[in-house]
Amino acid sequence: MKLPPTCRRLQVLAAALGVCVTVGFVVQFLVGPFQRRPPTAPAARPPQPCRPRTHLVFLKTHKTGSSSVVNLLHRFGEAHGLRFALPHRYQFGYPSPFQASRVKGYRPGGPPFDILCHHMRFNLPEVQKVMPNDTFYFSIVRDPGTLGESAFAYYRAIAPAFRRAPSLGAFLASPGRFYEPGARGNHYARNLLWFDFGLPSAPGDAGAVAAAVAGVERAFALVLLAEHFDESLVLLRDALCWAEDDVAAFAHNGRRAPATLSAAQAARLRAWNALDWALYAHLNRSFWRRAEAFGAARLRDEVRRLRERRDALARRCLRGGGPVAAGAIADGRLRPFQPPGRAEILGYALRAGLPPAERERCARLATPELQYKDILDRRQFGTGGNGTAPPGA
Ligand SMILES: *[C@@H]1O[C@H](CO)[C@@H](O)[C@H](O)[C@H]1NC(C)=O
Ligand SMILES: *[C@@H]1O[C@H](CO)[C@@H](O)[C@H](O)[C@H]1NC(C)=O
Ligand SMILES: *[C@@H]1O[C@H](CO)[C@@H](O)[C@H](O)[C@H]1NC(C)=O
């Protein structure tokens with residue numbers, strides 16, 4: 001199977017472990033004229049100045065590489081003293097739809113928050129209660145032909161449909177044999193993206209599917225593609241008017257040795273997750289339209305700089321220059337949460353002997369999402385977990 005470029009690079013980083021990361025990301029929703037660069041701007045006009053955006057909602061979807069995006073949002077928000085809308089624990093009542101009351105410190109009429117980026121089932125009217133009206137909404141999606149494999153490995157212990165199947169092959173041969181709609185935990189087993197976006201669970205016909213997808217395009221200014229993670233980060237940086245360094249992040253929540261699917265298995269996963277496939281195919285087209293407006297050569301150049309920057313940070317910060325097994329990370333603040341089951345999640349250990357300021361910067365790049373949430377919680381509220389032993393999230 002031909003791996004996306006991000007995966008190939010990560011495999012180089014972690015060749016010894018045969019790592020590839022479950023990455024995923026970006027889509028465009030506001031096809032508004034202000035989002036597009038005019039194809040033939042008068043040469044004399046200086047580039048439009050832009051102001052970095054600081055009101056952000058990132059819908060963190062499952063098994064799409066979204067943890068890596070959360071890391072850069074955590075770092076940006078912390079560095080700029082922004083207020084996060086945080087869950088009391090680690091998710092906003094997932095899989096129930098998001099409710100404003102789930103946000104720690106929220107009260108109606110109280111000051112709005114700057115960034116909301118933890119797991120939720122999306123519910124726009126409730127999100128709007130918490131966030132300012134000029135908020136930039138974005139998310140990330142991944143081809144269900146590979147997302148399904150990642151979900152199977154990760155949620156084996158939680159989704160009854162996966163637990164009952166002796167293997168992924170058996171599940172794919174006849175998923176209906178194992179799947180009971182509505183059973184607790186089974187949202188992980190079919191159309192997980194559709195579920196996370198909060199879309200209607202059983203759209204009656206193609207028109208209803210198209211209407212739901214159009215609603216996503218309206219609500220979200222950008223949707224990233226997991227398979228084109230670095231291109232996604234560049235388009236995100238551009239849309240947010242951020243600096244190139246702001247989107248240089250390590251891949252988080254990657255798995256050791258993910259399985260490779262045959263083309264037939266990927267096709268079966270797409271068919272089983274037909275709603276996700278409809279959503280993904282649409283958002284993929286929007287993404288590439290946006291990439292084209294940005295400029296293919298410009299995109300390539302900036303992706304190259306991003307990779308160079310990330311590689312330099314990895315060499316400077318990380319023991320071994322890449323991800324390592326959780327068991328090899330002595331510092332509990334950097335050890336990633338391990339899901340129940342057999343998927344082994346990798347993390348990062350810092351190089352010995354870094355000067356204190358650099359050590360701090362490297363630690364932030366390497367901090368897993370649960371521990372980072374604890375850091376932000378303490379900064380905002382003086383309470384929260386101790387950052388050493390994240391409970392099952
Ligand atoms: C957005 O919020 C700001 C500040 O609360 C307010 O002044 C402005 O009128 C609002 N704009 C819209 C379109 O609701
Ligand atoms: C995504 O869109 C691009 C450009 O339109 C197209 O070449 C590619 O085949 C699409 N991928 C999928 C999986 O639909
Ligand atoms: C951190 O909190 C967890 C419970 O969330 C507890 O089990 C652990 O002992 C605590 N660690 C320290 C060092 O206080």
Side-chain angles (χ1 to χ4, degrees), residues 1-10 20-32 35-37 39 59 61-66 69 138-152 168 172 175 190-197 199 203 206 209-218 220-236 238-239 258-304:
M1 186 183 107
K2 190 168 171 298
L3 290 170
T6 309
C7 287
R8 264 185 267 126
R9 295 190 64 78
L10 285 163
C20 182
V21 161
T22 55
V23 151
F25 257 77
V26 181
V27 177
Q28 169 194 354
F29 297 92
L30 291 180
V31 192
Q35 293 282 351
R36 296 254 177 137
R37 249 156 255 280
L59 171 62
T61 50
H62 289 87
K63 312 327 303 160
T64 55
S66 59
V69 178
F138 72 110
S139 187
I140 180 164
V141 294
R142 179 181 179 189
D143 186 339
T146 59
L147 189 155
E149 187 279 322
S150 183
F152 186 86
L168 179 61
L172 286 180
R190 191 176 203 184
N191 294 315
L192 179 53
L193 284 173
W194 192 268
F195 184 88
D196 286 354
F197 274 90
L199 301 175
V209 172
V213 171
V216 170
E217 288 266 23
R218 269 195 308 278
F220 289 82
L222 179 66
V223 179
L224 315 177
L225 300 181
E227 291 79 9
H228 299 276
F229 194 70
D230 292 346
E231 288 79 0
S232 292
L233 291 178
V234 169
L235 295 187
L236 177 67
D238 180 60
T260 318
L261 294 180
S262 69
Q265 286 177 316
R268 262 181 241 131
L269 275 172
R270 287 173 177 175
W272 172 246
N273 298 284
L275 294 173
D276 277 8
W277 175 244
L279 182 64
Y280 178 82
H282 187 95
L283 296 174
N284 172 62
R285 280 192 295 276
S286 303
F287 178 88
W288 290 111
R289 268 203 304 277
R290 193 182 183 107
E292 198 183 319
F294 182 82
R298 193 175 156 220
L299 186 56
R300 236 182 355 258
D301 286 351
E302 198 173 324
V303 163
R304 182 179 42 74

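Numbering of ligands and ligand atoms starts at 1, following listing order.
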Checklist entry - Do any non-hydrogen protein atoms sit less than 4.0 Å from atom 14 (O) of ligand 2? => result yes

Checklist entry - Measuring to protein heavy atoms, does anything land under 4.0 Å from atom 9 (O) of ligand 2? => result no

Checklist outcome for this item: Paired with Leu193, the side-chain contact (heavy atoms from CB on, under 4.5 Å) test is passed by just one of Leu275, Thr61, Val216, namely Thr61

Checklist outcome for this item: min-distance protein heavy atom vs atom 1 (C) of ligand 2 -> Asn284 ND2, 1.4 Å

Checklist entry - With a 4.0 Å cut-off, would you call Asp143 and Arg270 a salt bridge? => result yes

Checklist entry - With the threshold set at 4.0 Å, does a side-chain nitrogen-carboxylate oxygen contact exist between Arg290 and Asp238? => result no

Checklist outcome for this item: The side-chain contact (heavy atoms from CB on, under 4.5 Å) partners of Ala297 (sequence neighbours excluded) come to Arg300

Item to check | Atoms in ligand 2 flagged as close to Trp277, the criterion being non-hydrogen separation under 4.0 Å | outcome: 13 (C)

